[in-house]
Every structure is written in structure tokens, then in C-alpha cells.
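Written out below as C-alpha cells is the structure these notes cover.
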2 protein chains.
Amino acid sequence: MPSEEFSPQALTGPVLLAACGALANPHRLRILGALADGRQYVSRLARDLGMSRPLLHMHLQKLQAAGLVRGELELAEDGRAVKYFEAVPFALEVTPQVIRALVPTLPDPAPPRAGDKGKDTE
Amino acid sequence: MPSEEFSPQALTGPVLLAACGALANPHRLRILGALADGRQYVSRLARDLGMSRPLLHMHLQKLQAAGLVRGELELAEDGRAVKYFEAVPFALEVTPQVIRALVPTLPDPAPPRAGDKGKDTE
DNA sequence: GACATGTGTCAGACTTTTCTTACATACGAC
DNA sequence: GTCGTATGTAAGAAAAGTCTGACACATGTC
């Protein structure tokens, strides 16, 4: 049951980039850490973590875009709409060799301008 | 021979943040991928990767600061100073549980202002 | 000397990310 | 109705990251 490469999707360059970008922020690590204890809804999470709700919303967006977190809007018993988030059970394993294998799947570096004869660049 | 937690140093919150921040860039992934094939000096690396040397220098700084890369200034046979970089053989493994364990080692979120009675935040 | 190679670094522009403040909606209870 | 909870989003400021172009130095060859 352990050790899937990267649970939800195949590990490609862009996926690794999104995942690392999402993990490269203390707030988002805290959020993921909190969600590792179980699902939670955003207003509660904002209170628990001591951050503003719009800010938390933004970070959750980024985590969700990276596939590290999953959100689901539910209707509570009393009828109020509550959005629960949970951590996707991912397992990200990165080594220099893994990265080398992913390099070919990276987006093109940048339009290499023709007629480029700069001295320091080429 | 495989599976060290995180080769060079213990995996703490700040270390993970630095590592992910360093990995969250296509140029730096390319650099690491190239160095996975073996050590190389920066001017050569800049040519191979098709990027300017100052830019490569900046990215190498960040990779080195994160402990993912190691540089060594050497004196070539003909006397020229050449700086070689090599990839540190790290193995970064991240899961929600790992993150939860690291949360306590993260830097303080932000000075939680006393007397905070904002409506949206609390 | 001029020219090639190698090194490092700075200043400024540009882009992206981060964060707050303010607004909008909907529902239930009083 | 008002108050409390929940949701989402937009505008703008502030900070961080990215990148280029121009410097500086040293060495070896011509």
C-alpha cells in the first residue's frame, strides 16, 4: 500500500514544477500538515491556522492546482454550504536521476531569438 | 545504497522549503538534470543549456543554498581557474505525513497582532 | 599589445507571487 | 428585518523572484 510514484497523476516536468511550487511556501506546508490530520472546511481551517480566509483560499487554489489537495462543496445538515478540503495521499520522491528523466518533458526553455549574437549570452 | 532520508542534512521545515523553492523552476530542473550526468563547469553548462552565464550563476547559487548542488573551484592543467558543479545525491521524499511532522520546525507564521478583531480574519 | 578563455558581481527592468481590504452571495436563527 | 455562519472574488499594494546588459578580474595564445 505504500510507495506509489505520485499518486494522482504521472510525474512529468510540469507536474513536478507545480508540486514544488506549491510546497515552497510555509503557509501551504502548514495547510497540508493540518489536512494530513483529516479533512476540514476552509473557515475552520483559517481560524485554526490564524490566517485570513481570502489568503487561505488563494493557497488552497494553488495546492489544488498542483493536485496536492482536493476540495468538495457539501451541504451540511442544517443546509449551509460548507467546502471541505482534504490532502491527496501523494508520495513525491525526487532525486537528481528522477529530474534528469523528467527534463525532456519540460516546456520549451524560451523562444531562442534568431540573430542572437550577444557576447555574454552565447 | 538507496533511500537516505535527505542525504546532506536532516529534513526540517526550512530545508524542505529551500529545496522545493529551488526545484520550482524549469531552468534549475534542467541544470540539475544536466549535473545528474556528471560534474561540469559553469561556462560549459551555460553553453549546453543555452542560457546566459549570469543567469546560470544565479540559479546555481539558489541550488547550492538549498544544498542540492555543490561547487568547487579548481585550477585546470593550463592554470585557468574553473569552477565545477556537481549534483548532491539527495533523495527527497515528501508526503502529507512527512509535512505534518515538519510543521513544528517551520519559522513563526507572522507576528500575530494582539487585539486583532478583524471581521474577515478571525 | 589584442583576443580568446575562464571567473564573479552589480544595477535596473520586468514579472510573478503574496497579502489585505473590501465587496458580493446564500442560509439559519432570532 | 438584523446577526451570525458559511461561501467566493476583485482591486491594488507590497515583496520576492527572474533576467539582461555591462562591468570587473585573471590566465594562455597569437
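Chain identifiers are assigned alphabetically (A, B, ...) following the order of the sequence lines, protein sequences preceding nucleic acid strands; residue numbering begins at 1 within each chain. From a predicted model like this one, the values you see are computed outputs, not experimental measurements.
- Rounded to a whole Å, the CE atom of Met58(A) is 16 Å from the P atom of dA11(D).
- Atom-to-atom, CD of Gln61(B) to P of dG17(D) comes out at 14 Å; the value is rounded to the nearest Å.
- Side-chain atoms of Arg100(A) and Asp37(B), non-hydrogen and from C-beta on, do get closer than 4.5 Å to each other.
- Among the heavy atoms of the strands lying under 4.0 Å from His57(A) is at least one base atom, whether or not backbone atoms are also near.
- When every heavy atom of Arg28(B) is checked against every heavy atom of Leu63(B), the shortest pair comes out as CD-CG, 3.8 Å.
- The residue among Val42(B) and Ala81(A) whose nearest nucleotide of DNA chain C is located toward the 5' end is Val42(B).
- Place Ala24(A) and Gly79(A) on DNA chain C by their nearest nucleotides, and Ala24(A) ends up nearer the 5' end.
- Two different hydrophobic clusters hold Val42(B) and Val82(B) under the rule that ILVMFWY side chains link at heavy-atom gaps under 4.5 Å.
- Atom CZ in Arg80(B) sits about 16 Å away from atom C1' in dG8(C), given to the nearest Å.
- With a 4.5 Å cut-off on side-chain heavy atoms, Ile31(A) and Leu56(A) count as touching.
- Computed from coordinates, the His27(B) NE2 to dT15(C) P distance equals 15 Å when rounded to whole Å.
- Distances shorter than 4.0 Å separate none of the side-chain N or O atoms of Arg53(B) from OP1 or OP2 on dA24(D).
- Using a 4.0 Å cut-off, some side-chain N or O of Ser52(B) falls inside it from OP1 or OP2 of dT20(D).
- For the pair Met51(B) CE and dT20(D) C1', the computed distance is 14 Å after rounding to whole Å.
- For Asn25(B) and dG17(D), the shortest distance from a side-chain N or O to OP1 or OP2 is not below 4.0 Å.
- dC25(D) atom P lies 20 Å from atom CG of Leu75(B), rounded to whole Å.
- Set against dG6(C), dC19(D), dC19(C), the side chain of Leu55(A) has dC19(C) as its closest nucleotide.
- Counting any heavy atom pair closer than 4.0 Å across all strands shown, Arg44(A) reaches no nucleic acid atom.
- Dashed line: the shortest gap from a side-chain N or O of His59(B) to OP1 or OP2 of dG17(D) is not under 4.0 Å.
- To the nearest angstrom, P of dG8(C) lies 5 Å from NZ of Lys83(B).
- Per the geometry, CG belonging to Leu73(B) stands 13 Å off C1' belonging to dT27(D), to the nearest Å.
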Please tabulate, one pair per line, all N/O donor-acceptor pairs under 3.5 Å involving side-chain atoms of residues 64-76 of chain B, not counting sequence neighbours.
residue	atom	partner	partner atom	Å
Arg70(B)	NE	Glu86(B)	OE2	3.4
Glu74(B)	OE2	Arg39(B)	NH2	2.4

